[in-house]
Protein chains: 2
Amino acid sequence: MTFPASTRNEETIRTIVNAAAESFAEDGFVGARVDDIARRAGINKALLYYYVGDKAALYAHVLLEAFQQACSLVDSAVDTHSSAEEQLRGAIAAVARTAAANPSFPRLMLREITTGGTSLPEPVLKTMGHIFGTICRILRKGIEDGTFRNVDPLMTHIQIMGSILFLSTAEKTARRILPFAPVPQEELQPITADNIARQVADTILGGIRQQ
Amino acid sequence: MTFPASTRNEETIRTIVNAAAESFAEDGFVGARVDDIARRAGINKALLYYYVGDKAALYAHVLLEAFQQACSLVDSAVDTHSSAEEQLRGAIAAVARTAAANPSFPRLMLREITTGGTSLPEPVLKTMGHIFGTICRILRKGIEDGTFRNVDPLMTHIQIMGSILFLSTAEKTARRILPFAPVPQEELQPITADNIARQVADTILGGIRQQ
DNA sequence: GTCTATATACCGATAGAC
DNA sequence: GTCTATCGGTATATAGAC
């Protein structure tokens with residue numbers, strides 16, 4: 001924790017950050033209300049400012065925490081496998097599980113993408129760069145040992161992340177669309193972390209495998 | 001055009017709607033400023049209200065126009081092919097081209113997804129439902145004739161759209177991340193509509209094809 | 001139809017009592 | 001450390017002159 005008045009009451013700060021993560025994910029940085037975050041945290045607005053500084057500092061902290069968690073889960077998932085195929089499957093599952101355990105994460109990410117990442121602080125950019133480097137290394141290894149065909153690492157990485165983040169977030173919107181779609185709706189799978197991981201891993205791995 | 005004062009000056013309304021699409025895509029509904037939209041359109045704020053009503057009505061109009069364009073392009077792309085594989089490839093290319101020709105579209109869509117689509121007006125939901133129905137029909141046909149394996153239509157549809165929209169929007173953020181990534185950056189492809197269409201079609205089709 | 005000026009409301013941030 | 005009260009700035013929307 002890196003806030004000015006963080007000598008004590010670590011758990012008050014935790015409560016504020018959790019409330020802020022939800023609020024920023026729901027309404028975005030401009031849409032989120034400091035009053036609302038304070039109310040969710042069960043405290044007063046002036047006290048929030050006392051603990052965590054202004055709105056921008058709180059937002060930067062929320063972002064960094066979410067991405068660092070995703071990053072460490074991806075790294076440890078990759079370390080437990082050796083083949084490129086298993087490593088990629090493990091990385092995909094790690095991101096899908098992070099998104100499911102912390103529903104703010106995919107929404108924060110999608111929002112940042114739409115703004116072009118212009119307000120991302122350097123520590124967050126570094127964390128995102130680290131994840132991209134990990135995926136890149138897996139793809140490169142698979143291409144060199146003949147497992148994968150010669151795909152573009154950047155586009156493949158963006159597609160993998162886009163698939164997982166979108167699947168993790170789109171269910172609510174999809175449920176509003178389905179009543180207007182002229183299709184039978186019996187056998188649709190629930191969108192769980194496991195199903196997302198399987199869907200993305202099966203299609204991407206099948207799509208980039210050397211035939 | 002369905003605005004109150006639309007008896008004349010159709011092109012003034014066009015200018016306003018185009019300015020609004022950019023502004024909403026850049027800053028979101030809450031972040032966009034009516035003053036800014038009026039300034040981009042080269043007119044006065046009071047005149048904007050005179051022509052198109054309030055901010056919410058303008059936003060609903062921008063959304064509907066973008067989705068209807070995507071919808072009709074997908075439909076006509078599908079109609080010019082007969083096999084499930086060619087139809088899916090055509091639909092993917094149509095969405096990618098729509099996103100490239102109208103950069104507001106993917107960003108508006110990503111923003112709506114993060115809010116759960118709670119503010120989407122019914123005509124937009126109908127249009128999105130129509131596109132989903134089209135993709136569903138292609139997948140079902142391919143599954144029945146043995147071209148595709150038995151994939152979940154909803155998850156596959158969400159993955160396809162997420163891949164295209166994310167790839168169409170993420171380049172700016174990616175360029176900010178790349179300097180922090182420990183990878184060589186010579187041979188990365190530029191993210192054009194054609195490259196997006198090829199990347200998504202190749203991976204998804206390869207991933208869902210019956211082996 | 002087009003403008004200026006303004007009403008009204010809200011929000012981020014802080015001052016200051018306890 | 002925790003609160004109430006409020007300042008200052010800014011946003012949507014409209015009134016009203018021309």
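The chains referred to below are lettered A, B, ... by the order of the sequence lines, with proteins before strands, and numbering in each begins at 1.
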Rounded to the nearest Å, what distance is computed from the [atom1] atom of residue [X] to the [atom2] atom of nucleotide [N]?
X       : N      : atom1 : atom2 : result
B/Lys55 : D/dT12 : NZ    : C1'   : 8 Å
A/Leu58 : C/dA13 : CG    : P     : 10 Å
A/Leu48 : C/dT14 : CG    : P     : 12 Å
A/Tyr59 : C/dG12 : OH    : P     : 15 Å
A/Tyr51 : C/dA13 : OH    : P     : 19 Å
B/Ile43 : C/dC3  : CD1   : P     : 8 Å
A/Asp54 : C/dT14 : CG    : P     : 8 Å

For the pair B/Phe24 and B/Tyr59, name the ring-plane relationship: parallel under 30°, tilted 30 to 60°, perpendicular over 60°.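 Geometry flag for B/Tyr59 against B/Phe24: perpendicular rings.
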DNA chain D contacts made by residues 27-35 of chain B, counting heavy atoms under 4.0 Å: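 Residues of residues 27-35 of chain B that come under 4.0 Å of DNA chain D are, in numerical order, B/Ala32, B/Arg33, B/Val34, B/Asp35.
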May I ask you to say whether [X] pairs ionically with [Y], meaning some side-chain N is under 4.0 Å from a carboxylate O?
X        : Y        : value
A/Arg175 : A/Glu171 : yes
B/Glu26  : B/Arg40  : yes
B/Asp152 : A/Arg198 : no

Distances under 3.5 Å only, N/O to N/O: pair up the protein atoms with those of nucleotides 4-7 of chain C.
from  : atom 1 : to      : atom 2 : distance (Å)
C/dT4 : OP2    : B/Asn44 : ND2    : 3.2

Over 12 foreign heavy atoms within 6.0 Å of NZ, B/Lys141: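 Yes.
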Using OP1 and OP2 only, check whether a side-chain N or O of B/Tyr50 sits under 4.0 Å from C/dC3.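 No, outside the criterion.
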Is there a side-chain polar atom (N or O) of A/Tyr49 under 4.0 Å from OP1 or OP2 of C/dT14?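 Answer is no, no contact under 4.0 Å.
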Between A/Phe132 and B/Phe180, is the ring centre distance below 6.0 Å?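 Centroid distance A/Phe132-B/Phe180: not below 6.0 Å, so no.
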Polar side chain donor-acceptor pair, B/Tyr49 to B/Asp54, under 3.5 angstrom: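 Checked: B/Tyr49/B/Asp54 side chains show no N/O donor-acceptor pair below 3.5 Å.
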Looking only at side chains, do B/Asp75 and B/His130 share a donor and an acceptor under 3.5 Å apart?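 The answer is yes; a qualifying pair exists.
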Go through the structure and list residues passing side-chain hydrogen bond (donor to acceptor under 3.5 Å, both in side chains) with A/Ser168, not counting sequence neighbours.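 If we apply the side-chain hydrogen bond (donor to acceptor under 3.5 Å, both in side chains) test to A/Ser168, skipping adjacent residues, there are no hits.
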